[in-house]
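Data first, discussion second: the structure below is written as structure tokens.
Below, read A as the first sequence line, B as the second, and so on, with proteins coming before strands; counting in each chain starts at 1. Just so it is clear, the structure is predicted and the values come from calculations on it, not from any experiment.
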Amino acid sequence: MKKAPHPYERIERYINNDLSTEETVLLKQEMEASSELAQTVRLHQRMHEALSDTAVMELEDTLLRLRHGGSGQLRSIFRSRWLMAASVLLVLGLGLLLLWPSRSTYDYAEAFRPYPSYLSTRSVEKDAADLLNQADALYGAGNYEAALPLFQELATATPENKAVAFYAAYCQLELKRYGTARQSFLDIIQHGNSDYVQPAQWYLVRLYLETDEQAAAQELLREIMESKGDFAGLAREVLDEL
Amino acid sequence: MQITNDHIQAILDNDARGIAKIYNAYRPRIVKYVVSNNGSAADGEDVFQEAIIVIFKQARKEDFQLTAQFYTYLFAICKRVWLKKLRQKGQYTEVTFGEDVEYIDESDLEALLEEELKHQLFRDKLRALGQQCQQLLRLFFRKTSMKEITEIMQFSSVNYTKKRKFKCKEQLTKLVREDDQFNALR
């Protein structure tokens, strides 16, 4: 027996003008008879209007990043001011700091903040679901040391699963195990064909910056910018700062 | 008015650096005014954010013309947003702003503000969902096909993705309905 469609499905089809004339007439009659249904349909119409405006969502993302990165920015500015004051004293005393580099207030920590977890137990075999949940929880809590061996175990069991490989690589980066992190990110990028290519490129930039490989970082940032992917905007910001 | 055009362009392009300049230059003044008119600093932050979104929605209209300095325009919109929020809270009082504001025609803003406050509620509630629901619904509202969402989210089947989508929508509508603002905006 065919399963009845979810009630929202009909509302979605109505909003998208995908109902037949007869179905539309029927729904409108039902809405006239039931104020609850009419209200639900209106609610869904508003939801679709509000959330389909992806340009506004993206602008709001930018504003929220500025808002919540505020304290980080202030800390950074404070550091700069303190350094300037220190410079003046040192210049007066030693006359050696004429070329003291100006500190940028750009918040690198915000640009390279930990990648959110999008892990799903659907991506692994049933018996590995608990292990994945455990790794995910440790990762979310910032316990990279404990999360890493779990991600590695999952990656060994499912070499095609680039999600767990990426999170293992990210843990290695946080633990400053640069050699293995670099190789893991490169493997994901070279493998291609996964949602983790762009994040792997982005955190490889961070690795290059942390290991003072400016030229490699700039080259990869330009590549990310030209790809016009998810990190293109951030890549432009960071490149401008370098 | 080169600087004015730069600000509008930065908002239209969602240029993070350009928006950061606006944020750093004007936000403190807006927050200060809201705080001195029965609001909190967080209210001020909300008002500033919503005003920038309203400016974006206005500026992307083909017939948009800026007839005042950027800050005058921003300030007028912030004032209207804050008045609206006070009315919603049932706390309407005469709001006085201590700065001279050039008169600009705000009549066409009313409908946009009304719409924006409704939309804001949905966006806020979307952000209150779990990471997975947020990603799924964002992809859905970007018109990504169910098949593609299934691949991106690494779900087992298109049917499962559909089921998850409806569950997420249910959570979202529940959050919206439970919010005090929902009744005020109906």
Heavy-atom distance under 4.5 Å to chain A: side chain of [X], backbone, both or neither?
X        : answer
B:Glu170 : both
B:Glu45  : both
B:Lys143 : side chain
B:Asp13  : neither
B:Arg177 : side chain
B:Asn159 : neither
B:Ile11  : both
B:Ile53  : both

Could you tell me whether the side chains of [X] and [Y] share a donor-acceptor contact shorter than 3.5 Å?
X        : Y        : result
A:Thr156 : A:Glu153 : no
B:Gln69  : B:Tyr73  : no
A:Asp187 : A:Ser184 : no
B:Asp124 : B:Gln120 : yes

ask   = B:Tyr26 and B:Phe70: aromatic ring centres closer than 6.0 Å?
value =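 Yes, the ring of B:Tyr26 comes within the 6.0 Å limit of the ring of B:Phe70, centre to centre.
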key: Ring centres under 6.0 angstrom apart (A:Phe151, A:Phe166)   = no
Against chain B, label [X] side chain, backbone, both or neither, depending on which of its atoms sit under 4.5 Å from a heavy atom there.
X       : value
A:Arg42 : neither
A:His44 : side chain
A:Asp53 : side chain

task = Using a cut-off of under 4.5 Å on heavy-atom pairs, state which of B:Arg27, B:Gln131, B:Arg138, B:Arg127 scores highest against chain A.
result =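 Ranked by contacts with chain A, first place is B:Arg127.
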ask   = Hey, which of B:Lys125, B:Arg60, B:Lys57 has the most heavy atom pairs under 4.5 Å with chain A?
value =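 That would be B:Arg60.
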key: Six-ring centre of B:Tyr71, B:Arg29 cation under 6.0 angstrom, axis tolerance 45°   =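 Positive - B:Arg29 is close enough to the ring of B:Tyr71 and near enough to its axis.
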ask   = B:Tyr33 vs B:Phe75 aromatic rings, parallel, tilted or perpendicular, using cut-offs 30° and 60°?
value = perpendicular
query = Which pairs, with at least one residue in residues 133-168 of chain B and sequence neighbours excluded, count as a disulfide (SG to SG under 2.5 Å)?
reply = B:Cys133-B:Cys168
task = Output yes when a side-chain donor or acceptor of B:Thr144 lies under 3.5 Å from a complementary backbone atom of B:Phe140, and no otherwise.
result = no
message = At a heavy-atom distance under 4.5 Å, which candidate from A:Met47, A:Glu9, A:Glu58, A:Glu49 has the highest pair count against chain B?
response = A:Met47
ask   = Among A:Asp240, A:Leu59, A:Thr54, A:Thr62, which residue forms the greatest number of heavy-atom pairs with chain B at distances under 4.5 Å?
value =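 Highest number of pairs under 4.5 Å: A:Leu59.
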